[in-house]
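Have a look at the structure below before the remarks.
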Amino acid sequence: MLIGVIADDFTGASDIAVTLSQGLPGEGGLRTTQYLGVPQQPAHAEVEAGVIALKSRSLPASEAVAQSLAACEWLLAQGCSQIVFKYCSTFDSTDEGNIGPVLDALTARLQAKRVIVCPAFPAMGRTLYQGNLFVHDRPLNESGMEHHPLTPMKDADIRRLLARQSHTPVSHIRWQQVVEGSEGLRERLETQDNDSAQLVVVDALSDHDLTIIGIAAAGLKLISGGSGIARALPHNFIKAGQALGHRSNNPAVSGATAILVGSCSGATRGQIEEHQKHHAVLALDITDVMNERVSADDVVKFILAHQQECPLVYSSGDPDSVQQAQQQFGQHNISRQLDKLFGDAARKLVYEAGIKRLVVGGGETSGAVVSALNLGSLQVGEEIDPGVPALFAQPEAPLALALKSGNFGRRDFFAHALKVLAG
Ligand SMILES: Nc1ncnc2c1ncn2[C@@H]1O[C@H](COP(=O)(O)OP(=O)(O)O)[C@@H](O)[C@H]1O
Ligand SMILES: O=C(O)[C@@H](O)C(=O)COP(=O)(O)O
């Protein structure tokens with residue numbers, strides 16, 4: 001294995017997995033496997049990029065650190081010379097972490113001196129300018145992310161956010177310095193102020209900028225960011241003669257379908273609205289869920305009864321209803337209960353009801369569903385929409401998945417994803 005990624009949630013993991021698998025246009029990428037948690041056994045010899053999906057984004061910081069270090073040890077034991085810490089392109093975190101504490105711990109473990117911090121993902125409108133993160137034309141804290149149920153983002157200045165979370169000093173490389181090119185950037189990284197470890201926030205506005213940064217990052221022990229930061233990393237290994245440039249192909253999986261959605265983002269709520277114009281949709285009422293008046297069997301029954309209509313079950317609510325539910329039940333209780341409900345339903349759908357194509361909306365929700373399925377690892381297929389690949393379980397369990405980040409995907413994503421999974 002050449003490169004290892006520690007991803008703090010499951011949709012984020014599949015986002016960076018497809019980036020590594022594709023590489024730069026025309027060049028091909030790396031043979032990439034997405035692991036669901038830290039594997040208990042060594043990787044297959046042909047894997048060039050290993051992405052470990054953790055559900056660590058909203059854990060207490062000490063647990064997120066412990067899990068990330070365990071993932072790092074496994075990746076190092078597989079031979080990785082470079083480690084990437086993948087977090088959200090909207091820098092989803094709280095003042096306590098977990099991005100800063102995990103970066104502190106990985107920086108110390110890998111004795112890294114300069115650690116790039118770059119959440120930019122221009123294909124999805126996330127750009128970083130003068131250290132501030134934008135989502136399309138809005139600063140992060142006015143983008144809708146200020147209403148996220150678990151990690152509301154109230155500041156757009158990544159330097160300030162990170163300095164609040166981490167012990168390692170934070171510095172910044174401006175866009176005007178990035179566009180000078182990879183060589184200049186590399187020198188800047190090496191000579192930045194002094195010799196102690198630093199987290200270096202690097203501006204990026206375009207895929208071109210990310211390519212410059214990726215090439216400058218060749219050989220760095222630790223890199224961090226959104227999936228965009230991985231864009232040019234396969235190129236570095238191909239150029240060094242360590243990889244040939246792999247092209248992925250999609251196996252086709254037909255058969256029964258289910259769509260489970262727990263994301264409350266504006267994009268996902270729009271996608272549900274679109275889906276219900278033509279297909280079958282069941283809304284879960286949070287009060288019913290919290291009082292256990294709705295069960296995994298109810299979800300399964302609905303899905304099976306509406307197989308001809310691309311059935312979708314969702315818990316998603318708008319900011320007002322989320323706030324109301326939070327006041328009544330507490331966010332962590334709601335998330336725990338919903339994770340259990342979606343996880344139990346997914347297990348029954350796949351292992352008892354024979355569902356073969358499963359689409360999940362939301363990172364935490366995807367983590368709950370895929371963990372309940374206990375699949376071990378997934379092969380990465382083609383990109384369905386930017387940042388969302390088709391994923392395939394091992395051949396002995398023919399199951400195709402799409403794990404959609406809350407904010408990603410076209411308006412008719414859910415039906416479209418089922419079509420792509422079918423080949
Ligand atoms: N109606 C609701 N009210 C409050 N919280 C909810 C509701 N529906 C889902 N949630 C919780 O909100 C969180 C959404 O996070 P996630 O699944 O990661 O979506 P995203 O990808 O948009 O971040 C989950 O923990 C989920 O359980
Ligand atoms: O970087 C991103 O935006 C995504 O890869 C990601 O991490 C998605 O997280 P969720 O929005 O929680 O699905």
Side-chain angles (χ1 to χ4, degrees), residues 5 7-19 34 51 53-59 84-93 99 118-126 133 135 140 143-145 147-153 224-230 260-272 283-290 313-343 360-370 383 385-389 402-409:
V5 180
D8 70 352
D9 87 340
F10 281 55
T11 46
S14 63
D15 177 8
I16 195 164
V18 74
T19 309
Q34 178 171 341
V51 179
L54 300 176
K55 195 173 181 297
S56 56
R57 191 172 287 175
S58 46
L59 286 178
V84 181
F85 175 41
K86 159 72 178 70
Y87 38 77
C88 196
S89 61
T90 44
F91 212 75
D92 298 17
S93 50
I99 298 175
C118 184
F121 188 6
M124 288 306 302
R126 281 86 162 133
L133 184 57
V135 178
L140 176 64
S143 68
M145 281 305 295
H147 301 303
H148 192 282
L150 291 166
T151 47
M153 299 308 294
S224 81
S227 61
I229 199 66
L260 303 175
V261 186
S263 166
C264 299
S265 73
T268 299
R269 285 182 288 116
Q271 289 155 347
I272 296 168
L284 299 174
D285 180 88
I286 295 300
T287 308
D288 285 349
V289 172
M290 295 311 287
V313 178
Y314 73 97
S315 65
S316 326
D318 62 25
D320 286 344
S321 70
V322 168
Q323 200 186 7
Q324 209 179 333
Q326 286 176 332
Q327 279 160 1
Q328 196 174 352
F329 302 109
Q331 183 58 47
H332 285 281
N333 296 330
I334 298 172
S335 295
R336 200 176 321 115
Q337 194 80 0
L338 281 172
D339 277 4
K340 181 165 171 9
L341 179 63
F342 281 126
V360 190
E364 292 291 318
T365 311
S366 294
V369 162
V370 179
E383 199 164 44
D385 259 348
V388 194
L403 308 179
K404 190 196 80 71
S405 155
N407 288 305
F408 291 0

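Read the numbers this way: they start at 1 and go in the same order the structure lists the ligands and their atoms. Position 1 is the first residue of the sequence, and the numbers go up from there. The figures that follow rest on heavy atoms only: side chains count, while hydrogens, waters and symmetry mates do not. Worth saying up front: this structure is predicted, and the values here are computed from it rather than measured.
- Of the N or O atoms in Q331, one or more lie within a sub-3.5 Å distance of an N or O in ligand 1.
- Looking at heavy atoms from C-beta onward, D385 lies out of side-chain contact with K404 at the 4.5 angstrom threshold.
- For atom 8 (N) of ligand 1, the nearest non-hydrogen atom of the protein is S315 OG, 2.9 Å.
- Nearest heavy atoms, C88 versus D8: N-OD1, 4.3 Å.
- Protein heavy atom at the shortest distance from atom 22 (O) of ligand 1 is S263 OG, 2.7 Å.
- Under the 4.5 Å side-chain criterion, counting only non-hydrogen atoms from C-beta, Y87 is in contact with P119.
- The proximity of S335 to ligand 1, defined as any non-hydrogen pair under 4.0 Å, involves the side chain as well as the backbone.
- In this structure, the protein non-hydrogen atom closest to atom 13 (C) of ligand 1 is L150 CD1, 4.0 Å.
- Under the rule for a ring-ring contact (aromatic ring centres under 6.0 Å, His included), F342 has no partner lying at least two apart in sequence or in another chain.
- Residue A230 comes nearest to T19 through the heavy atom pair C-CG2, 3.9 Å, listed as atom of the first residue, atom of the second, then distance.
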Dump all N/O pairs between ligand 2 and the protein below 3.5 Å as a table: atom names plus distance, one pair per row.
from	atom 1	to	atom 2	distance (Å)
ligand 2	1 (O)	K86	NZ	3.0
ligand 2	1 (O)	S89	N	2.7
ligand 2	1 (O)	S89	OG	3.3
ligand 2	3 (O)	S89	N	3.3
ligand 2	3 (O)	S89	OG	2.6
ligand 2	5 (O)	D15	OD2	2.6
ligand 2	5 (O)	K86	NZ	3.0
ligand 2	7 (O)	R57	NH2	2.8
ligand 2	7 (O)	K86	NZ	3.1
ligand 2	9 (O)	D9	OD2	3.2
ligand 2	9 (O)	T11	OG1	3.4
ligand 2	9 (O)	R57	NH1	3.0
ligand 2	11 (O)	S405	OG	3.2
ligand 2	12 (O)	D9	OD2	3.2
ligand 2	12 (O)	R57	NH1	3.1
ligand 2	13 (O)	T11	OG1	2.7
ligand 2	13 (O)	G363	N	3.1
ligand 2	13 (O)	S405	OG	3.4
ligand 2	13 (O)	G406	N	3.2

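- Looking at ligand 1, you won't find any N or O of G361 less than 3.5 Å from one of its N or O atoms.
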Discussion item. Quick one, T90 with V135, criterion side chain to side chain contact (heavy atoms under 4.5 Å, CB included). Give me CA distance, side-chain angles, the key distance, then yes/no.
Written reply: CA-CA 8 Å; T90 44; V135 178; 3.9 Å; yes
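- Looking at heavy atoms from C-beta onward, H147 lies out of side-chain contact with V322 at the 4.5 angstrom threshold.
- For the pair T11 and G362, the tightest heavy-atom approach, listed with the atom from each and the gap, is CG2-O, 3.8 Å.
- Taking 4.5 Å as the limit, some side-chain heavy atom of D15 sits within range of a side-chain heavy atom of F121.
- Looking at Q326 against ligand 1, nothing comes within 4.0 Å, counting heavy atoms.
- Taking every non-hydrogen atom of I334 and a distance limit under 4.0 Å, the qualifying atoms of ligand 1 come out as 4 (C), 5 (N).
- Ligand 1 has no atom lying under 4.0 Å from any heavy atom of K404.
- Of the possible donor and acceptor atoms, none in the side chain of E364 sits under 3.5 Å from a partner among the backbone N and O of S335.
- Contact annotation: for D92 versus ligand 1, there are no heavy atoms closer than 4.0 Å.
- Between G363 and ligand 1, at least one pair of N/O atoms sits closer than 3.5 Å.
- Under the 3.5 Å distance criterion, the side-chain polar atoms of Q326 are matched with a main-chain donor or acceptor of P149.
- Residue, atom and distance of the protein heavy atom nearest to atom 2 (C) of ligand 1 are I286 CD1, 3.7 Å.
- A donor-acceptor pair under 3.5 Å is formed between the side chain of E383 and the backbone N or O of G387.
- Using a 4.5 Å cut-off on side-chain heavy atoms (C-beta onward), T268 and Y314 make no contact.
- Across I286 and S315, no two heavy atoms sit closer than the pair CD1-O, 4.1 Å.
- Remark: minimum distance from atom 12 (O) of ligand 1 to any protein heavy atom is reached at P149 CG, 3.6 Å.
- Some N or O of E364 is nearer than 3.5 Å to an N or O of ligand 1, by distance alone.
- Under the 3.5 Å distance criterion, the side-chain polar atoms of S93 are matched with a main-chain donor or acceptor of F91.
- Counting only non-hydrogen atoms, the option in V322, V360, L338, V369 that gets closest to atom 27 (O) of ligand 1 is L338.
- Side-chain atoms of D92 and M145, non-hydrogen and from C-beta on, do get closer than 4.5 Å to each other.
- Counting heavy atoms under 4.0 Å from ligand 1, residue T365 touches it through both backbone and side chain.
- Within the listing of ligand 1, atoms 1 (N) sit less than 4.0 angstrom from a heavy atom of G317.
- Among the atoms of N407, none of the N or O lies under 3.5 angstrom from an N or O of ligand 1.
- Not a single heavy atom of T11 sits under 4.0 Å from any atom of ligand 1.
- In terms of N/O distances under 3.5 Å, ligand 1 is approached by H148.
- By heavy-atom distance, the residue among G362, S58, C264 lying nearest atom 6 (C) of ligand 1 is C264.
- Considering only non-hydrogen protein atoms, atom 14 (C) of ligand 1 sits nearest to G262 O, 3.6 Å.
- Across P319 and R269, no two heavy atoms sit closer than the pair CD-NH2, 3.7 Å.
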